[in-house]
2 protein chains.
Amino acid sequence: MHTTTLHRPTHRETLWELEAAIERGDLITVFGRCTVDYDGRATSTLGPGNRLVILKPDGSTLVHTDEKRTPVNWQPPGCEHHASVRDGRLRVRGTRTTPDETLDIHFEQVHQFSALDVTGGRDLDLYGSEEDLREHILDDPSLVESGFTPLETERESTAGPMDIYGEDAEGVPMVVELKRRRVGPSAASQLQRYVEALHREFGDSVAVRGVLVAPSVTDRAADLLKENGLEFVALDPATGEPPEATEASEEVEPPEASEDADGDEPKEADSETDGSDG
Amino acid sequence: MHTTTLHRPTHRETLWELEAAIERGDLITVFGRCTVDYDGRATSTLGPGNRLVILKPDGSTLVHTDEKRTPVNWQPPGCEHHASVRDGRLRVRGTRTTPDETLDIHFEQVHQFSALDVTGGRDLDLYGSEEDLREHILDDPSLVESGFTPLETERESTAGPMDIYGEDAEGVPMVVELKRRRVGPSAASQLQRYVEALHREFGDSVAVRGVLVAPSVTDRAADLLKENGLEFVALDPATGEPPEATEASEEVEPPEASEDADGDEPKEADSETDGSDG
DNA sequence: GCTTGGATATCGAAC
DNA sequence: GTTCGATGTCCAAGC
């Protein structure tokens with residue numbers, strides 16, 4: 001464990017230590033008054049101010065102000081760091097390819113420089129993701145519906161891979177799309193794409209059900225589901241159970257006859273079970 | 001401009017300076033060996049290791065390893081920071097509400113503590129966004145198509161606000177969806193939602209055209225557009241012109257003898273003849 | 001406060 | 001390498 005710290009160093013001192021730290025593979029922080037110019041997928045400039053700059057040994061670059069979780073400027077991993085002193089300023093440049101991008105940081109003054117030996121585990125153990133929700137359902141498919149039988153995960157279609165493909169108690173094909181949090185219109189569209197792909201695959205005469213599984217759904221998404229004859233089941237990704245206070249509110253009276261008189265409608269799409277607690 | 005730095009401080013020393021720095025509204029960095037526990041929208045644990053922790057005066061919290069642009073753990077702005085010493089460890093806790101979330105960082109040892117007075121501009125001047133693409137088109141609507149007339153931006157519909165609403169030379173309503181980068185299936189679905197909303201609004205007998213404007217499109221998205229009778233125009237958000245080497249590759253104009261014998265001509269705005277069930 | 005969609009999104013997995 | 005969807009996405013604007 002080593003750390004190197006310079007206080008109000010000259011640019012030459014900073015340059016020297018910077019190059020050594022990059023060589024060592026340290027994580028570097030530079031606090032100072034600087035301007036920032038970015039050119040790549042977009043273009044940006046940032047006027048002078050005191051910021052915290054972080055250079056990681058994997059090439060990541062972060063420029064942080066005193067606000068927000070998101071850096072005001074950055075470079076993802078894979079970029080190359082190079083420092084130089086020009087016109088009385090310290091320039092730190094990060095460049096990468098695919099796409100070609102350049103981030104230039106010009107320091108008027110460096111208040112503090114540190115080189116840190118960052119080691120140790122970086123693998124997070126996380127729980128409550130969409131994958132956890134999927135495992136809950138595969139463990140107990142009746143969470144989706146009594147009689148549901150999962151047949152395949154990541155089943156391919158012309159619209160892309162489906163989260164869970166299976167069939168209901170009657171043998172009707174079902175597409176299940178999982179979301180770990182409250183869903184909006186885009187999730188409803190995504191499910192609709194998969195259902196349409198199966199219709200093209202099987203022919204329109206074959207009934208296909210689409211079920212969205214998530215803790216809750218917005219009103220507009222519920223409308224979209226209903227318009228497309230899709231269904232919704234409320235489940236929490238962490239517990240695999242219906243979210244709190246939903247047990248009594250389920251099966252809110254589905255509307256009587258839908259005007260869609262195809263004859264092959266698989267089941268009532270009671271998508272408005274949620275709609276609550278917006 | 002002031003900075004406070006401690007090297008290998010005791011937990012008590014760190015605690016003292018930490019509380020003072022939070023009070024002052026400084027940006028704080030703590031480098032040390034720690035574990036991290038998060039509980040909120042999901043749950044996570046991170047085993048011991050040396051990491052760089054950043055506490056911002058707006059409540060943002062970042063835990064960085066030596067890799068990736070994204071922090072391994074974090075808290076967005078608005079959380080409250082509190083530090084304490086327990087069981088020989090320094091605990092830094094960030095809590096927030098809506099949703100309820102807690103981030104706990106337990107330091108076994110602090111290698112370096114810094115409190116920084118981060119000031120100065122934080123407003124980025126950025127160019128090349130979707131908004132810039134929109135301005136290019138509003139300046140010169142023929143970029144989309146000769147005769148195109150924008151009538152409204154952010155026009156509301158039951159499917160949400162459309163980027164640009166207008167009409168073509170024949171007076172046929174057009175929805176234009178803008179993307180600053182290469183688009184995939186979701187953008188095609190989004191455009192389709194808007195077109196469907198206008199069909200419901202105007203009645204299926206009224207033709208409506210949907211046009212996606214982006215630098216390029218993936219194969220699958222192109223298929224989706226075609227299936228739904230939607231169109232694509234290639235434009236670069238920064239220049240407002242067709243992307244490089246696209247001059248010769250005609251966008252809308254298909255090669256003379258297309259094997260597609262559907263009679264599917266986008267210009268005829270044939271969405272209503274298709275009667276898509278979606 | 002919730003909803004919606006953009007972002008220099010980043011990231012990872014499948015192809 | 002590209003494509004695609006998840007993310008504790010974050011974030012701003014609108015309501």
Side-chain angles (χ1 to χ4, degrees), chain A residues 36 38-44 60-61 63 67-79 96-103 124 126-134 154 156 159-163 177-187 190 193-194 216-221 237-238 276-278, chain B residues 38-44 60 67-78 96-103 124 126-131 133-134 154 156 159-163 177-187 190 193-194 216-221 237-238:
Chain A
V36 186
Y38 157 74
D39 189 49
R41 290 163 291 177
T43 300
S44 76
S60 307
T61 312
V63 182
E67 287 187 344
K68 302 293 156 64
R69 201 213 69 149
T70 305
V72 64
N73 277 115
W74 70 88
Q75 199 74 281
C79 96
R96 68 175 190 133
T97 57
T98 331
D100 279 336
E101 296 200 294
T102 302
L103 184 69
L124 199 66
L126 187 137
Y127 185 69
S129 64
E130 180 181 303
E131 188 184 345
D132 293 310
L133 176 57
R134 185 180 65 194
E154 306 297 316
E156 273 302 333
M162 310 167 185
D163 286 336
E177 174 62 28
L178 309 175
K179 293 294 171 192
R180 69 169 305 282
R181 63 174 193 174
R182 184 172 174 85
V183 296
S186 64
Q190 188 183 352
R193 288 206 304 275
Y194 297 145
S216 62
V217 61
T218 66
D219 287 348
R220 193 170 276 174
S276 60
D277 68 355
Chain B
Y38 157 74
D39 189 49
R41 288 164 291 177
T43 300
S44 76
S60 307
E67 288 187 343
K68 303 292 156 62
R69 200 214 70 149
T70 305
V72 64
N73 276 117
W74 70 88
Q75 200 73 284
R96 67 171 189 137
T97 57
T98 331
D100 279 337
E101 297 200 295
T102 301
L103 184 69
L124 200 67
L126 187 136
Y127 185 68
S129 64
E130 180 182 302
E131 186 183 345
L133 176 56
R134 186 181 65 193
E154 306 297 315
E156 273 301 332
M162 311 167 186
D163 286 337
E177 173 63 28
L178 310 175
K179 293 294 170 191
R180 68 171 304 283
R181 64 175 190 171
R182 183 171 174 84
V183 296
S186 65
Q190 188 182 354
R193 287 208 302 276
Y194 297 144
S216 60
V217 62
T218 66
D219 288 348
R220 192 171 274 172

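For clarity, every value in this text was computed on a predicted model and none was experimentally measured. To find a chain, count down the sequence lines: A is the first, B the second, and so on, and within it residues start at 1.
- Base contact: B:L124 has a heavy atom under 4.0 Å from a base atom.
- When rounded to the nearest whole Å, the span between CG of A:D100 and P of C:dT8 equals 18 Å.
- One finds the CD atom of A:E101 at 9.5 Å from the OG1 atom of A:T43 (value rounded to the nearest 0.5 Å).
- Looking at which nucleotide of DNA chain C each of B:T98 and A:T43 is closest to, the 5′-most match is held by B:T98.
- In this view, A:S44 and A:N73 satisfy the side chain to side chain donor-acceptor pair (under 3.5 Å) rule, not counting sequence neighbours.
- Although no hydrogens or angles enter the test, the distance criterion places a donor-acceptor pair under 3.5 Å between the side chain of A:R180 and the main chain of A:G128.
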**OP:** Applying side chain to side chain contact (heavy atoms under 4.5 Å, CB included), run through A:R182 and A:T218 and close with a yes or a no.
**Re:** CA-CA 7 Å; A:R182 184 172 174 85; A:T218 66; 3.8 Å; yes
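- Taking the C1' atoms as reference points, C:dG6 lies 14 Å from C:dT10, given to the whole Å.
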Subject >> Stepwise side chain to side chain contact (heavy atoms under 4.5 Å, CB included) check, A:W74 with A:T61 >> reply: CA-CA 5 Å; A:W74 70 88; A:T61 312; 5.9 Å; no
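- For A:T218, a side-chain nitrogen or oxygen approaches OP1 or OP2 of C:dT4 to under 4.0 Å.
- With A:L178 as the fixed residue, the side chain to side chain contact (heavy atoms under 4.5 Å, CB included) test singles out one of A:D163, A:V183, A:D132: A:D163.
- Between B:R182 and C:dT8 there is no side-chain N or O to OP1 or OP2 distance below 4.0 Å.
- Residue-level contact check: A:S129 touches the backbone only, with heavy atoms under 4.0 Å from sugar-phosphate atoms and none from bases.
- B:R181 has a side-chain polar atom (N or O) that falls below the 4.0 Å cut-off from OP1 or OP2 of C:dA9.
- A distance of about 23 Å separates the P atoms of C:dT4 and C:dT8, rounded to the whole Å.
- Rounded to whole angstrom, the span from the CG atom of B:D163 across to the P atom of C:dG5 amounts to 10 Å.
- For C:dT3, the base has no donor-acceptor partner in the side chain of A:D219 [N/O atoms by modelled type, under 3.5 angstrom].
- In this structure, the CZ atom of B:R134 is 15 Å from the C1' atom of C:dA7, given to the nearest Å.
- Comparing the C1' positions of C:dA9 and C:dG5 gives an interatomic distance of 13 Å, to the nearest angstrom.
- Regarding A:R96, its CZ atom lies at a distance of 13 Å from the P atom of C:dT8, rounded to whole Å.
- Taking atom CZ on B:R180 and atom C1' on C:dA9, their separation rounds to 10 Å, with Å as the unit.
- Heavy atoms of A:D39 sit nowhere under 4.0 angstrom from any nucleic acid atom.
- The distance between atom NZ of B:K179 and atom P of C:dA7, rounded to the nearest whole Å, is 8 Å.
- Within the 4.0 angstrom heavy-atom criterion, no nucleotide atom of any strand lies near A:Q75.
- Residues B:P185 and A:G128 both approach DNA chain D. Their nearest nucleotides, taken by heavy-atom distance, put B:P185 toward the 5′ side.
- When atom types are taken as modelled, the side chain of A:Y194 and the backbone of A:A159 share no donor-acceptor pair closer than 3.5 angstrom.
- B:E154 comes within contact range of no nucleotide atom at all, as no heavy-atom separation falls under 4.0 Å.
- Comparing the P positions of D:dG8 and D:dC4 gives a spacing of 22 Å, expressed to the nearest Å.
- Using a 4.0 Å heavy-atom cutoff across all strands shown, A:L103 reaches no nucleic acid atom at all.
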Between the protein and nucleotides 11-15 of chain C, which nitrogen or oxygen pairs are less than 3.5 angstrom apart?
unit_1 : atom_1 : unit_2 : atom_2 : d
C:dC11 : OP1    : B:R69  : N      : 2.8
C:dC11 : OP1    : B:T70  : N      : 3.0
C:dC11 : OP1    : B:T70  : OG1    : 3.4
C:dG12 : OP1    : B:K68  : NZ     : 3.2
C:dG12 : OP2    : B:K68  : NZ     : 3.3

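- Taking a heavy-atom distance under 4.0 Å as the criterion, the stretch of DNA chain D touched by chain A extends 5' to 3' from D:dT2 to D:dA12.
- As judged by a 4.0 angstrom heavy-atom cut-off over every strand, B:A221 is placed among residues making no nucleic acid contact.
- Judged purely by atom type and a 3.5 angstrom limit, B:Y127 has no side-chain atom pairing as donor or acceptor with the backbone of A:A42.
- Checked by atom type, the side-chain pair B:T97/B:D100 shows no donor-acceptor distance below 3.5 Å.
- Going from atom CZ of A:R220 over to atom C1' of C:dG5 covers 11 Å, rounded to whole Å.
- Shown here for B:R41 and B:P76, the closest heavy-atom pair between the two residues is NH2-CG, 4.4 Å.
- Spacing between atom CH2 of A:W74 and atom C1' of C:dT8 amounts to 5 Å, rounded to whole angstrom units.
- Closest approach of B:S186 to A:R193, counting heavy atoms only: CA-NH1, 3.7 Å.
- Using a 4.0 Å heavy-atom criterion, one finds that B:A238 contacts no nucleic acid atom at all.
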